[in-house]
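The structure appears right after this line, and notes come after that.
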Amino acid sequence: MEFFNLHTHKYTNQPEVLELVNQYPQEFDGDIPFYSIGIHPWFIVEDRLEANLRIIESKLQDKNCLAAGECGLDKRIEIPFDLQQSIFEKQLVLAEKYKKPVVIHCVAAFQEVIEIKKKMNITVPMLIHGFSKNAQLAKQLIDNGFYISFGKYLLRNPELESVFKSIPNDKFFLETDTVEEGIKEVYALAAKYKNIDVEDLQQIIKVNYKTVFEKK
């Protein structure tokens, strides 16, 4: 692995890139080598919940399933927030049971996610994907044990440079999510912002990968 893509919806099958491809239980693709699986808050369908949770529990026992998620909370959608929270917590229980990290979708609900982590005493790594907020929130998340992943907004919003620079090297990942650019382009920009070579950045993320995804 030369490059690690923490979160993508598109499998590109590049030998030098380890891609953590986001999967949904109702449309699972067994041909994807490494994946996360979860119920995204946008796609909660109540009459499918129990069946989907059973699929997630089954897949979390697969060694090629590297993480639960993406799952989480989103205050800008119509799905009732208490229902979102219930489904998120059920997935966290499964992640704890099978010792898998969790890739988190969070929109306008960061304090609630932090409180849930504390309330449930979650011990597995929790990773906020697609971060686009300020350095103060980033620090609060890191102080509460979260990892932060950057991608789409790092490419699109130059104001995130200072936020990204403030993140300790042992607390971040990179991703592409749904953008057209590849993970190598995200690495190139991230290395520029950190004022290091891409090779040094690769080493940093390899260490973080081992810490989060290869815990015994």
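Worth knowing before you read on, the calculation uses all heavy atoms, side chains too, and leaves out hydrogens, waters and symmetry mates. Residues take their numbers from the sequence shown, with the count starting at 1.
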Does the pair Val163 and Lys133 meet the rule for a side chain to side chain contact (heavy atoms under 4.5 Å, CB included), with working shown?
CA-CA 8 Å; Val163 179; Lys133 304 303 178 186; over 6 Å; no
Does some side-chain heavy atom of Ile148 sit less than 4.5 Å from a side-chain heavy atom of Leu141?
yes
Taking every non-hydrogen atom, the tightest pair across Glu19 and Thr8
CB-CG2, 4.1 Å
Taking the side chain as every heavy atom from C-beta outward, state whether Glu112 and Lys119 have any atom pair closer than 4.5 Å.
no
So for atom CD, which belongs to Glu180, do other residues, nucleotides or ligands contribute more than 12 heavy atoms lying within a distance under 6.0 Å?
no
Does Lys206 qualify as a cation-pi partner of Phe4, given the criterion of NZ or CZ under 6.0 Å from the six-membered ring centre and within 45 degrees of its axis?
no
For Leu49, the rest of its hydrophobic cluster, which grows through side-chain links under 4.5 angstrom:
Tyr11, Val21, Tyr24, Phe28, Ile32, Tyr35, Ile37, Ile39, Trp42, Phe43, Ile44, Leu53, Ile55, Ile56, Leu60, Ile77, Ile79, Leu83, Ile87, Leu94, Tyr98
In the structure I gave you, are the side-chain heavy atoms of Ile116 and Gln85 within less than 4.5 Å of one another anywhere?
yes
Flag for Asn195-Lys165: side-chain donor and acceptor within less than 3.5 Å
no
Which heavy atom of Ser162 sits nearest a heavy atom of Glu159, and at what distance?
OG-O, 3.5 Å
Non-hydrogen side-chain atoms of Tyr209 and Val212 separated by less than 4.5 Å
no
Tightest non-hydrogen contact, residues Phe164 and Ala190, listed as CE2-O, 3.5 Å
Looking at CZ of Phe213 and CG of Leu127, how far apart are the two atoms once the value is rounded to the nearest 0.5 Å?
5.5 Å
Between the side chain of Glu96 and the main-chain N/O of Thr123, is any donor-acceptor distance below 3.5 Å?
yes
Does a side-chain heavy-atom distance below 4.5 Å link His105 with Pro41?
yes
Should Phe81 and Leu92 be counted in the same cluster of Ile, Leu, Val, Met, Phe, Trp and Tyr side chains packed under 4.5 Å apart?
yes
Please report the C-alpha distance between Tyr187 and Glu2 in whole Å, then the side-chain angles of each, then the deciding distance to 0.1 Å, and finally whether the side chain to side chain contact (heavy atoms under 4.5 Å, CB included) criterion is met.
CA-CA 11 Å; Tyr187 267 69; Glu2 293 177 42; over 6 Å; no
Got Phe3 and Leu174 here, is their nearest side-chain heavy-atom distance under 4.5 Å?
no
Is there a side-chain contact between Leu18 and Leu66 (heavy atoms, below 4.5 Å)?
yes
About how many Å separate CD of Glu161 and NZ of Lys192, when rounded to the nearest 0.5 Å?
7.0 Å
Gap between atom OG1 of Thr176 and atom CG of Leu154 - 0.5 Å precision:
12.5 Å
Compute whether any side-chain donor of one residue and acceptor of the other, for Ser149 and Glu175, lie under 3.5 angstrom apart.
yes
Which atom names give the shortest non-hydrogen contact between Asn169 and Asn208, and what distance separates them?
O-ND2, 2.9 Å
Under the side-chain contact (heavy atoms from CB on, under 4.5 Å) test against Phe131, which residue among Phe173, Phe150, Tyr153 passes?
Phe150
Examine distances only and state if a side-chain atom of Glu89 and a backbone atom of Ser86 form a donor-acceptor pair shorter than 3.5 Å.
no
Are Ile196 and Val198 grouped together when hydrophobic residues (ILVMFWY) are joined by side-chain heavy atoms under 4.5 angstrom apart?
yes
Spell out, as yes or no, whether a donor-acceptor pair under 3.5 Å connects the side chain of Gln61 to the backbone of Glu57.
yes
Spell out, as yes or no, whether a donor-acceptor pair under 3.5 Å connects the side chain of Lys100 to the backbone of Cys65.
yes
Could you state the interatomic distance from NZ (Lys171) to OG1 (Thr211), rounded to the nearest 0.5 Å?
8.5 Å
Glu27 atom CD: more than 12 heavy-atom contacts under 6.0 Å
yes
For the atom pair CG (Leu155) and CG (Leu189), what is the distance rounded to the nearest 0.5 Å?
6.0 Å
Could you report the tightest heavy-atom contact between Pro168 and Ile142, atom names first, then the distance?
CD-CD1, 3.6 Å
Quick check for you: to the nearest 0.5 Å, what is the distance between Asn52 atom CG and Gln26 atom CD?
5.0 Å
Should Leu160 and Tyr193 be marked as a side chain to side chain contact (heavy atoms under 4.5 Å, CB included) after you check the CA-CA gap, both sets of side-chain angles, and the distance that decides it?
CA-CA 10 Å; Leu160 266 185; Tyr193 283 172; 5.9 Å; no
Sequence neighbours left out, what passes side chain to side chain donor-acceptor pair (under 3.5 Å) with Asp170? Give chain and number order.
none
Has Asp197 got a side-chain atom pairing as donor or acceptor with Glu199's backbone, closer than 3.5 angstrom?
no
Which is it for Val102 and Gln91 under the side chain to side chain contact (heavy atoms under 4.5 Å, CB included) test, yes or no, and what are the steps along the way?
CA-CA 9 Å; Val102 186; Gln91 292 176 90; over 6 Å; no
Under 3.5 Å, is there a donor-acceptor pair between the Glu70 and Ser36 side chains?
no
The criterion is side chain to side chain donor-acceptor pair (under 3.5 Å); which residues satisfy it with Asp177, sequence neighbours excluded?
His7, His9
For a 4.5 angstrom cut-off between non-hydrogen side-chain atoms, does Val93 reach Met120?
yes
